[in-house]
Structure formats: structure tokens, C-alpha cells
Amino acid sequence: TNGGGGGIFDLRDATASASSTPSVTTSVEAAKLRGRDIVIGSSSISNVAVNSSSEGGGVASFGTGESNATVDNDVSTTVASGADLFATRDIAILAGGVLTGNSQAISAGGGLIAAATAKARLEVGFNVTTLVAGKLTANRTILIDASSGLKTSMYAKANSAGLGTGANANDADNRGIRIGQTLGEALVQSTVADDARITAGNIAYVSANLGAQHTIAVGDGTVTESPLFAEARARATSRATALGADSDAIAKVFADHDA
């Protein structure tokens, strides 16, 4: 979203919003499955990007650029009580999620009196889980793995110039990258229920990771780990050029997650 203007009095605002909130579920209920290899899995990729820009000028110039983005991911894989899985080689129960998000707000203006405000917010949430309550039997390897990757960025920029001027970039508590705040849980979890029965001839491996995922090597049945990105970057800049000027810039990442 872009907003621009000019004149003696210049009032301009630009606001942009976007969200991505998928939900994916795979469940095996009271069923019997037989095979050489059994893979039960769920996966989801959630992506959002939003940009807001406000520019103008005049004798008196006031403008706000605001961007709000929401990215969430709900992924679950369940083997319910009563399910019976047998593999002559390997069993993998997998849940995987990847989130990417970007929120950018820019405000710039100039005049005898000028004020520029940039507000950027990125709300992030995820709930990636595996649950095994049934019976798993494999002659070689059993893997139960929940994994999530995260790559988010936020940028707020405010510039103004004039005799009396002010510039503020994300100068508020509810701005920045907010992980597991208003969207509830930021959770990656693998659970083996009390009444589950798991028997593996080689190894039974249970894991939950933010920033890594696990797979079974086809050749020898070993469990291997590969990295996923786990990154949140926030930037804020402000510049006010005048005889009497005030500028503030705040970049924050709030995180509350479990893995």
C-alpha cells in the first residue's frame, strides 16, 4: 500500500494488512496398517508479506505508514488408540511446519512542520504436534518427529525534515515481531501416550525441534538430523532533520515458545 500527497496541508496515511493461517491434520484411527515402510505425516508452509509506504510534503505534513501481518501454522499427526501399525522395516510419524513472514512500514515527509510515523507488526504463532496412542511395531526403526522452521523479518522506517519535525518508528509496545503472543501457543511437541505400545528392532526415536528435523536413512535405518532456519530479525530507523527535532526508533522481538 502506498500513500502520497502535497500542498499547504498534507495529511497522508497508508495501511496494509495480510494474514496466512493454514491448518493441516492427519489421523489414523482404529485401523490396521501393514507394509515394508510406513510414513504417516502432515506438513504445511505458511507465508505472508506486507508493505506500507506513506510519503508527501507541504507547509504542514503529517503521515503514518502502518503494516500488520499475521502468520500462523497448525499441523498435527495422530495415531489414535486402537490403531495397529506394523512395518518389516521402518515407521515414521511426522509433523512439519515452515513459517515465513515480513512486515515493512515506511513514512517520509517534509515541510515547515512535519511528523512521520511508521508502525510495523508481525504476529507469529505455530502449533506443530505428533501424538501416538496406538501400537507401533517395526523390525528396524521407529521415528516420531515434530519440527518447525521459522524465518521472519520486520522493518519500520520514519524520516521527516522541517523547522519543527518529529519521526517515530515502532515507538509502541504492541509493535515488532511477536511470537506466541496474541495468537496463543508457539509449540512444537511430540507425545507418546501412556497406553501406547512401541516396539522397534533397532531404535525408537522421539523428538520435537524448532530449527531442525529428523528422517530415517533408507540404507541402514539410522536417524539423521538436518537443520531448518529459526530466525527473527527486527529493524527500525528514524531520522528527523530540523532545528528542533525529535526522533525515536524501536526494534523488538517478543518470543514465547516451547519445543
Side-chain angles (χ1 to χ4, degrees), residues 19-47 71-100 124-150 179-180 183-230 256-259:
S19 65
S20 175
T21 59
S23 180
V24 179
T25 300
T26 300
S27 181
V28 178
E29 301 297 329
K32 289 186 177 181
L33 299 179
R34 301 291 186 264
R36 186 179 72 166
D37 295 301
I38 297 175
V39 179
I40 310 295
S42 302
S43 63
S44 175
I45 298 175
S46 184
N47 175 66
V71 59
D72 196 8
N73 218 2
D74 191 350
V75 185
S76 65
T77 301
T78 301
V79 178
S81 177
D84 184 350
L85 281 62
F86 172 75
T88 58
R89 198 163 66 174
D90 305 317
I91 296 176
I93 310 299
L94 309 173
V98 173
L99 299 93
T100 61
V124 180
F126 50 88
N127 190 6
V128 182
T129 62
T130 59
L131 170 62
V132 175
K135 180 181 179 181
L136 306 182
T137 305
N139 287 340
R140 197 167 67 170
T141 301
I142 294 175
L143 171 64
I144 302 169
D145 184 71
S147 63
S148 182
L150 170 71
I179 302 171
L183 292 178
E185 289 183 326
L187 175 68
V188 185
Q189 178 176 279
S190 288
T191 303
V192 177
D194 292 341
D195 57 349
R197 294 177 59 188
I198 298 177
T199 306
N202 182 14
I203 184 174
Y205 194 98
V206 182
S207 60
N209 304 272
L210 176 62
Q213 64 180 355
H214 294 85
T215 56
I216 300 174
V218 176
D220 58 6
T222 57
V223 175
T224 61
E225 181 178 292
S226 56
L228 296 173
F229 42 78
D256 183 10
H257 69 85
D258 295 297

Does [Y] offer a backbone N or O that forms a donor-acceptor pair with the side chain of [X] under 3.5 Å?
| X | Y | result |
| --- | --- | --- |
| D37 | D90 | yes |
| T78 | L131 | no |
| N73 | V128 | no |
| N139 | T88 | yes |
| S46 | S20 | yes |

Straight-line distance of [X] [atom1] to [Y] [atom2], nearest 0.5 Å:
| X | Y | atom1 | atom2 | value |
| --- | --- | --- | --- | --- |
| S42 | D74 | OG | CG | 10.0 Å |
| Q189 | T130 | CD | OG1 | 8.0 Å |
| Y205 | I144 | OH | CD1 | 12.5 Å |
| F229 | L210 | CZ | CG | 10.5 Å |
| S147 | L228 | OG | CG | 5.5 Å |

Before giving the answer on side-chain contact (heavy atoms from CB on, under 4.5 Å), spell out for V132 and V206 the whole-Å C-alpha distance, their side-chain angles and the decisive distance to 0.1 Å.
-> CA-CA 10 Å; V132 175; V206 182; over 6 Å; no
Heavy atoms only: give me the nearest [X]-[Y] pair and the separation to one decimal.
| X | Y | value |
| --- | --- | --- |
| H214 | S207 | ND1-OG, 3.3 Å |
| G219 | R140 | O-NH1, 3.3 Å |
| D72 | P22 | O-CD, 3.1 Å |
| L99 | G125 | CD2-O, 3.3 Å |
| F86 | I38 | O-CD1, 3.4 Å |

D84 and R34: side-chain contact (heavy atoms from CB on, under 4.5 Å), yes or no, with the steps?
-> CA-CA 9 Å; D84 184 350; R34 301 291 186 264; 3.4 Å; yes
Decide if atom CD1 of I198 counts as having more than 12 heavy atoms of other residues, nucleotides or ligands within a radius under 6.0 Å.
->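 It does: I198 CD1 has more than 12 such atoms within range.
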Look at atom CZ of R197 and say whether more than 12 heavy atoms of other residues, nucleotides or ligands are closer to it than 6.0 Å.
-> no
Per side-chain contact (heavy atoms from CB on, under 4.5 Å), D145 is matched among N209, T77, T215, I216 by N209
Going by distance alone, is a donor N or O of one side chain under 3.5 Å from an acceptor N or O of the other, for [X] and [Y]?
| X | Y | result |
| --- | --- | --- |
| T129 | S76 | no |
| T137 | T199 | no |
| T100 | N47 | yes |
| T141 | N202 | yes |

Could you tell me whether the side chain of F126 reaches within less than 4.5 Å of the side chain of I179, counting heavy atoms only?
-> yes
